[in-house]
Structure formats: C-alpha cells, structure tokens
Enquirer: 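Structure in structure tokens, see below.
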Amino acid sequence: MLDPFAAYDLTGRVAALTGGASGIGAASAQLLAAAGAAIVLGDVDETGAQAMADKIHADGGKAVAQRCDVTRRSDVASLVDRAISEFGRLDVMGNIAGIMNADLVVDVTEQVLDRLIAVNQKGVFFGCQEAMRVMMPQGSGSIINIASAAIDYPNSNVSVYAMTKAAVAMLSMELAIEAGPYGIRVNTLAPGTTSTNFGAELRAGADGQPDPAKLEAYRQRSEGMSPIGKLGEAMDQAHLILYLASDASKFATGAIFRANGGVGIVW
C-alpha cells in the first residue's frame with residue numbers, strides 16, 4: 001500500500017534555520033526534527049536557540065545551536081559550515097529571521113531603513129548565497145525564504161517591512177532559475193498574521209510595552225480580515241516549511257506559498 005507520509009520523511013537530511021529561537025523558526029525546527037532531520041539553529045538569541053536545541057534533543061531529535069546575526073555574512077557562512085562540520089551536508093536552508101517596523105513612510109529614519117534592509121533583505125540574500133555554496137557541488141537542496149502576506153496588499157505603518165519582503169519573493173524566483181540546473185529548489189513562504197511575538201511593535205504603547213487595547217484591536221482586525229476568522233499559529237507555517245523541505249514538494253520551485261487564512265480575499 002502507498003505510504004502517504006513517506007515523501008515527508010527527512011531522515012538523514014540536514015536543515016539550517018535562521019530565526020530558530022522562537023516563532024515560526026522554532027516551530028519549524030521542532031517539526032523538521034520530528035520528521036527525521038538534523039537541525040542547525042541560528043539566532044541572535046543564542047540562549048533561546050540553545051533551549052530549542054535542548055528541547056529537540058529531549059524529544060529524541062538531533063540539533064545544535066549557534067549565534068547567528070544574519071546581517072553579517074560571516075555569521076551566516078559559519079552557520080552553514082556548522083551544518084557541514086556537525087552533520088556532513090546541508091539539504092534545507094530556511095531563511096526565517098526577520099524584523100518588523102511600525103512607522104509611516106514619512107517617519108522612517110535612515111537607521112530603521114538600513115536595519116530592516118540588513119536583516120530582512122541582505123540576511124536572506126546571504127543565506128541563499130551560503131546555501132548555494134554547498135548545495136551546488138552536492139547537486140541537491142531546498143532553499144525556503146520567508147516573505148509575508150504584506151507583499152500582497154498595502155497596509156499602513158509597515159512600508160519598509162513590506163518592501164523588503166517583496167524583494168525576498170522576487171529574489172526567490174530569480175534564484176530558482178539559477179539554482180534549478182544544480183538540482184536545487186527555491187521557494188517562498190508568505191505567512192499571514194501569525195500568533196507569535198513577531199511584530200510586537202504594532203501592539204505596543206508609547207512606552208514600548210504591550211498595550212492590551214492595541215493587542216485586542218490587532219486580534220480583532222486580523223481575524224476580521226480572514227474569511228475563516230482566525231489567526232494563524234506558528235505550526236501552521238511550519239507545516240508548509242516541512243512540505244517545501246521534503247520530497248513531497250519535489251516539483252515545486254520558484255513559487256510563493258501562502259498560509260494566511262484567506263487574507264487578501266476580503267481585504
């Protein structure tokens with residue numbers, strides 16, 4: 001009988017994930033490890049990444065953690081090199097790390113602009129470069145870049161974030177053309193509103209602390225934008241990442257995948 005889950009088996013494969021300490025990165029690390037992959041967790045939050053690696057170990061999986069500032073190509077190169085030194089190969093590169101802004105265009109400072117481009121755009125670019133460095137000679141691999149539902153519809157206060165995420169989606173399509181002849185697939189995941197700590201700036205008061213009224217308004221607005229009236233969970237995105245990491249998606253490249261609760265349909 002055909003095993004419908006066999007294509008999702010990642011036994012013997014190795015995945016490097018940036019942003020692995022929390023949110024979508026942490027959920028993806030757990031799910032890919034449960035599918036059999038060895039995980040290399042990179043994050044500026046080294047303590048959080050190590051805690052996630054320890055959890056994966058406790059659950060019977062394989063994982064190591066390393067501090068990785070994606071704005072530094074040398075850090076991203078070291079993360080990829082760690083995959084090779086620890087596990088001998090790299091099959092999946094998940095460029096998940098990202099940051100948000102909460103400013104009108106007229107109020108965006110050059111410092112904020114540079115920071116978002118450095119993390120969201122250059123960080124993904126570096127991740128693609130370093131993954132290609134080892135995947136090209138290997139002749140296989142899957143690169144998964146995280147964009148956002150913000151690439152599909154305009155929304156006040158997230159201009160720079162949306163701009164950088166749109167760039168990520170285009171980079172993925174361009175790279176899919178370059179990577180294909182080497183047996184490497186490149187895809188984009190564009191999550192909708194997902195219940196994590198990401199984007200806390202949009203729910204904070206003037207003092208930078210969480211504002212319960214803003215949090216409730218954010219929840220109601222986000223649910224109202226979805227035909228099914230729901231916020232996403234980090235694991236909803238992780239399941240798509242597992243699909244893109246596995247042989248189940250072996251015919252998918254250069255595509256944008258959306259788990260967004262239907263946002264954009266009723267927007």
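All residue numbers in this chain count up from 1 along the given sequence.
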Enquirer: Just by modelled atom types, is the Ala49 backbone N or O under 3.5 Å from a matching donor or acceptor in the Arg67 side chain?
Expert: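 Not a single qualifying donor-acceptor pair exists.
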
Enquirer: Please tell me whether Ile256 and Ile241 are part of a single hydrophobic cluster in this structure, the criterion being side-chain heavy atoms less than 4.5 Å apart.
Expert: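 No, separate clusters.
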
Enquirer: Check for a donor-acceptor pair, side chain of Ser246 on one end and backbone N or O of Tyr8 on the other, with a separation under 3.5 Å.
Expert: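 No; judged by distance alone, with no hydrogens or angles, the pair does not exist.
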
Enquirer: In the single-linkage hydrophobic clustering (I, L, V, M, F, W, Y; side-chain heavy atoms under 4.5 Å), do Tyr182 and Met135 co-cluster?
Expert: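 Same cluster: Tyr182 reaches Met135 through Ile, Leu, Val, Met, Phe, Trp or Tyr contacts under 4.5 Å.
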
Enquirer: Over all heavy atoms of both residues, which pair between Ala15 and Leu32 is shortest? Give the atoms and the distance, please.
Expert: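 Scanning both residues, the minimum pair turns out to be CB-CD2, 3.8 Å.
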
Enquirer: If you round to the nearest 0.5 Å, how far is CG of Leu240 from CD1 of Ile144?
Expert: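 Spacing of CD1 (Ile144) from CG (Leu240) equals 9.5 Å.
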
Enquirer: Side chain of Ser249, backbone of Tyr243: donor and acceptor closer than 3.5 Å?
Expert: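 Flag set: sc Ser249 to bb Tyr243 pair under 3.5 Å.
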
Enquirer: Above 12 or not: heavy atoms from other molecules or residues under 6.0 Å from CZ of Arg72?
Expert: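 12 or below, so no.
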
Enquirer: Should we count CZ of Phe257 as having more than 12 external heavy atoms under 6.0 Å?
Expert: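 Yes, because the 6.0 Å sphere around CZ of Phe257 holds more than 12 heavy atoms from other groups.
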
Enquirer: Main chain of Ala252, side chain of Arg185: is a donor-acceptor contact present, judged purely on distance under 3.5 Å?
Expert: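 Yes; judged by distance alone, with no hydrogens or angles, the pair exists.
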
Enquirer: What's the shortest heavy-atom distance between Cys128 and Leu171, and which atoms?
Expert: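 Smallest heavy-atom distance, with atoms named: SG-CD2, 4.2 Å.
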
Enquirer: Closer than 3.5 angstrom, by distance alone: can the side chain of Asp43 be matched with the main-chain N or O of Ala21 as a donor-acceptor pair?
Expert: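 Yes, the answer is positive, given that a donor and an acceptor are paired below the 3.5 Å cut-off.
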
Enquirer: Please name the pair of heavy atoms, one in Ile143 and one in Ala131, separated by the smallest distance, quoted to 0.1 Å.
Expert: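 Minimum heavy-atom separation between Ile143 and Ala131: CD1-CB, 4.0 Å.
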
Enquirer: Is a side-chain donor or acceptor of Thr253 paired with a backbone partner of Val186 at a separation under 3.5 angstrom?
Expert: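 Yes, because the side chain of Thr253 sits within donor-acceptor range (under 3.5 Å) of the backbone of Val186.
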
Enquirer: Please check this pair: side chain of Asn95 against backbone of Thr18, looking for a donor-acceptor N/O pair closer than 3.5 Å.
Expert: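 No, because the side chain of Asn95 does not come within donor-acceptor range (under 3.5 Å) of the backbone of Thr18.
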
Enquirer: Is it the case that the side chain of Lys165 and the backbone of Ile146 share a donor-acceptor pair, with hydrogens and angles ignored and the cut-off at 3.5 Å?
Expert: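 Yes: the side chain of Lys165 pairs with the backbone of Ile146.
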
Enquirer: With distance as the sole test, does Gln237 use its side chain to make a donor-acceptor pair with the main-chain N or O of Ala259 at under 3.5 Å?
Expert: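 Between the backbone of Ala259 and the side chain of Gln237 there is a qualifying donor-acceptor contact (under 3.5 Å).
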
Enquirer: Just by distance, do the side chain of Thr71 and the backbone of Ala118 share a donor-acceptor pair under 3.5 Å?
Expert: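 Side chain of Thr71 to backbone of Ala118: no pair is present.
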
Enquirer: Is Tyr161 linked to Val44 within one hydrophobic cluster, defined over Ile, Leu, Val, Met, Phe, Trp and Tyr using a side-chain heavy-atom separation of less than 4.5 Å?
Expert: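 No, Tyr161 and Val44 fall in different hydrophobic clusters.
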
Enquirer: May I ask you to test the Asp45-Ser22 pair for a side-chain heavy-atom distance under 4.5 Å?
Expert: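 Heavy-atom side-chain distance check fails, nothing below 4.5 Å.
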
Enquirer: Can you tell me how far the CE atom of Met93 sits from the CG atom of Leu79, to the nearest 0.5 Å?
Expert: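 One finds 5.5 Å between CE of Met93 and CG of Leu79.
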
Enquirer: How many angstroms lie between atom CG of Leu189 and atom NE2 of His239, to the nearest 0.5 angstrom?
Expert: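 Separation between the atoms: 12.5 Å.
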
Enquirer: Quick one: closest heavy-atom pair of Thr188 and Ala147, and the distance?
Expert: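 Heavy atoms only, the tightest pair is CG2-CB, 3.5 Å.
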
Enquirer: Does any part of the side chain of Cys68, heavy atoms only, come nearer than 4.5 Å to the side chain of Val76, both counted from C-beta?
Expert: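 With C-beta onward as the side chain, the pair touches.
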
